[in-house]
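Written below as structure tokens is the structure these notes are about.
Numbers restart at 1 for each chain; the letters A, B, ... are given by sequence-line order, proteins then strands.
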Protein chains: 4
Amino acid sequence: MTDAGHNSVAADQLRTIVERIERLEDDKKAVVEDIKQLYMEAKGNGFDNKAIRKIVALRAMDEGKRKEAQAMLDLYAHALGLDLL
Amino acid sequence: MTDAGHNSVAADQLRTIVERIERLEDDKKAVVEDIKQLYMEAKGNGFDNKAIRKIVALRAMDEGKRKEAQAMLDLYAHALGLDLL
Amino acid sequence: MTDAGHNSVAADQLRTIVERIERLEDDKKAVVEDIKQLYMEAKGNGFDNKAIRKIVALRAMDEGKRKEAQAMLDLYAHALGLDLL
Amino acid sequence: MTDAGHNSVAADQLRTIVERIERLEDDKKAVVEDIKQLYMEAKGNGFDNKAIRKIVALRAMDEGKRKEAQAMLDLYAHALGLDLL
DNA sequence: ACACAAAGTTCGCGTC
DNA sequence: GACGCGAACTTTGTGT
């Protein structure tokens with residue numbers, strides 16, 4: 001088998017990989033677009049998107065970690081006399 | 001209608017929005033995961049992921065590449081155009 | 001007066017502006033580097049940089065806006081039955 | 001030594017760190033403001049700020065540009081090298 | 001209000 | 001295997 005033949009295998013493999021990635025990236029792009037649309041819709045209904053984003057992030061976050069991070073923040077805030085609420 | 005009733009409308013709307021976002025985020029996450037898997041598979045086949053990423057980026061750019069090149073020319077035309085006009 | 005002479009004024013002006021910007025960008029870069037060093041030092045002393053960043057951000061934020069944003073978040077969280085604390 | 005005393009050490013350390021960061025952030029803010037002023041001045045003199053921004057970016061890149069170009073060549077050498085080796 | 005640009009955050013990589 | 005470095009993505013702010 002020639003080098004060309006041998007290499008064409010890798011080249012084909014590479015091409016396949018790249019194309020599969022590109023398709024998935026297209027999918028991702030579509031989903032991101034849908035999400036954007038949803039936020040626009042929410043805004044149209046008078047919601048505060050920034051708050052919604054935070055809510056989504058908080059719900060996604062592991063509860064344990066969230067409370068731990070909050071505790072650390074509270075600790076530091078207290079040490080500096082910063083009134084968080 | 002009570003305030004509770006009144007609020008529950010917005011609350012339901014909010015909940016619906018948040019849940020729809022979360023579903024889309026799940027979709028997105030799944031796609032991102034698939035992409036990651038692909039890269040891992042590529043790596044397992046001896047490919048250089050960094051190079052693949054650049055290839056993908058370049059191909060994605062190539063659609064807008066002419067526009068970019070054109071913009072670059074315009075840029076210089078403008079920037080140096082100050083000397084010319 | 002030739003075009004060249006006339007244009008050289010604008011060109012010189014442009015050059016001056018660009019160079020002044022570049023100097024300021026260098027300054028900025030240096031400051032950013034210093035900040036990074038500070039965070040590294042803090043980490044070396046056992047502090048949680050993420051929490052410190054939040055503290056700095058909170059202190060920088062206008063108190064009114066901060067509480068307003070927090071109130072909105074609380075409102076939404078409550079509507080969804082999300083326990084923040 | 002009381003806990004309060006013990007903690008006050010860390011609290012003081014934390015306060016010092018935060019305040020040093022805040023000072024540096026102020027410096028940064030001032031520099032950013034100066035840059036903004038410069039752009040406004042440039043605009044007042046009839047220059048195209050968008051073009052200037054690109055010029056500055058390009059000049060900043062130009063130091064690393066050869067490296068980037070080299071990286072691009074290496075990239076293709078690698079990616080296509082699969083066909084060659 | 002939209003798009004562009006800047007900042008911060010996170011993730012993968014190379015290094016030690 | 002942990003740490004710092006650099007790139008990619010997300011989010012925030014600003015100028016039009």
Side-chain angles (χ1 to χ4, degrees), chain A residues 21 24-25 28-29 31-33 35-37 39-40 43-44 46 48-58 60-62 65 69, chain B residues 21 24-25 28-29 31-33 35-40 42-44 47-58 60-61 64 68 71 75, chain C residues 21 24-25 28-29 31-33 35-37 39-44 48-58 60-62 65-66 69, chain D residues 21 24-25 28-29 31-44 47-57 60-61 64 67-68 71-72 75 78:
Chain A
I21 290 170
L24 288 171
E25 298 258 335
K28 182 177 156 191
K29 203 168 176 176
V31 175
V32 167
E33 191 55 32
I35 293 172
K36 251 166 128 175
Q37 289 298 118
Y39 275 109
M40 283 178 57
K43 182 188 231 173
D48 176 349
N49 279 352
K50 198 166 170 179
I52 292 185
R53 284 180 192 278
K54 274 219 166 96
I55 291 287
V56 171
L58 287 171
M61 208 184 297
D62 176 70
K65 290 209 155 199
Chain B
I21 290 170
L24 288 171
E25 297 259 336
K28 183 178 157 192
K29 203 168 178 176
V31 175
V32 167
E33 191 55 33
I35 292 173
K36 251 162 122 177
Q37 287 299 117
L38 255 177
Y39 276 110
M40 282 179 57
K43 182 186 225 173
F47 289 101
D48 176 352
N49 278 353
K50 198 165 174 179
I52 292 183
R53 284 181 191 278
K54 286 214 170 175
I55 292 285
V56 171
L58 286 171
M61 258 200 300
E68 187 187 0
L75 163 69
Chain C
I21 291 171
L24 288 171
E25 297 261 336
K28 184 177 155 191
K29 203 169 179 178
V31 175
V32 168
E33 190 55 32
I35 293 172
K36 248 165 128 177
Q37 288 299 118
Y39 275 109
M40 282 179 57
E41 181 185 326
K43 180 189 232 175
D48 177 348
N49 278 352
K50 198 165 174 180
I52 291 183
R53 284 181 192 278
K54 274 220 167 94
I55 291 287
V56 170
L58 288 171
M61 207 184 299
D62 176 71
K65 289 211 154 195
R66 186 175 91 220
Chain D
I21 290 170
L24 288 172
E25 298 259 335
K28 183 178 154 191
K29 203 168 178 178
V31 174
V32 168
E33 191 55 32
D34 286 348
I35 293 173
K36 254 161 116 178
Q37 288 297 118
L38 255 178
Y39 275 109
M40 283 178 57
E41 181 186 326
K43 180 187 228 173
F47 290 100
D48 177 352
N49 279 352
K50 197 166 176 179
I52 292 183
R53 282 180 192 279
K54 286 214 171 176
I55 292 288
V56 171
M61 258 199 298
K67 285 168 73 177
E68 188 186 359
M72 188 73 91
L75 162 69
H78 266 101

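One can place CG of B:L58 at 11 Å from P of F:dA8, the figure rounded to the nearest angstrom. D:I52 has its CD1 atom 15 Å from the P atom of F:dG15, to the nearest Å. Put simply, CD on C:E33 is 14 Å from C1' on F:dG6, counting in whole angstrom units. Distance, D:M40 CE to F:dG15 P: 8 Å, rounded to whole Å. For C:M61 and F:dT11, the CE to C1' distance is 13 Å, given to the nearest whole Å. For B:I55 and F:dA7, the CD1 to C1' distance is 17 Å, given to the nearest whole Å. Spacing between atom CG of D:L24 and atom P of E:dA7 amounts to 15 Å, rounded to whole angstrom units. E:dC13 atom C1' lies 14 Å from atom OH of B:Y39, rounded to whole Å.
Both D:E25 and B:K50 lie close to DNA chain E; mapped to their nearest nucleotides by heavy-atom distance, the more 5′-ward contact belongs to D:E25. Place D:V32 and A:K43 on DNA chain E by their nearest nucleotides, and A:K43 ends up nearer the 5' end.
Contact annotation: D:K36 side-chain N/O to F:dG15 OP1/OP2 distance is under 4.0 Å. Close to F:dT10, at under 4.0 Å from its OP1 or OP2, lies no side-chain N or O of A:K54. Look at A:R53 and you'll find a side-chain N or O under 4.0 angstrom from OP1 or OP2 of F:dT11. Side-chain nitrogen and oxygen atoms of B:K28 include at least one within less than 4.0 Å of the OP1 or OP2 phosphate oxygen of F:dT10.
Distance check: D:Q37 CD to D:E41 CD gives 8.5 Å after rounding to the nearest 0.5 Å.
Annotation for B:I52 and B:Y39: closest pair CG2-CE2, 3.7 Å, computed over non-hydrogen atoms. Between C:I35 and D:L24, the shortest heavy-atom contact is CG1-CB, 3.5 Å. Scanning all heavy atoms of the two residues, the minimum distance from B:N49 to B:M40 falls at ND2-N, 4.4 Å.
Other residues, nucleotides and ligands place more than 12 heavy atoms under 6.0 Å from the CE atom of D:M61.
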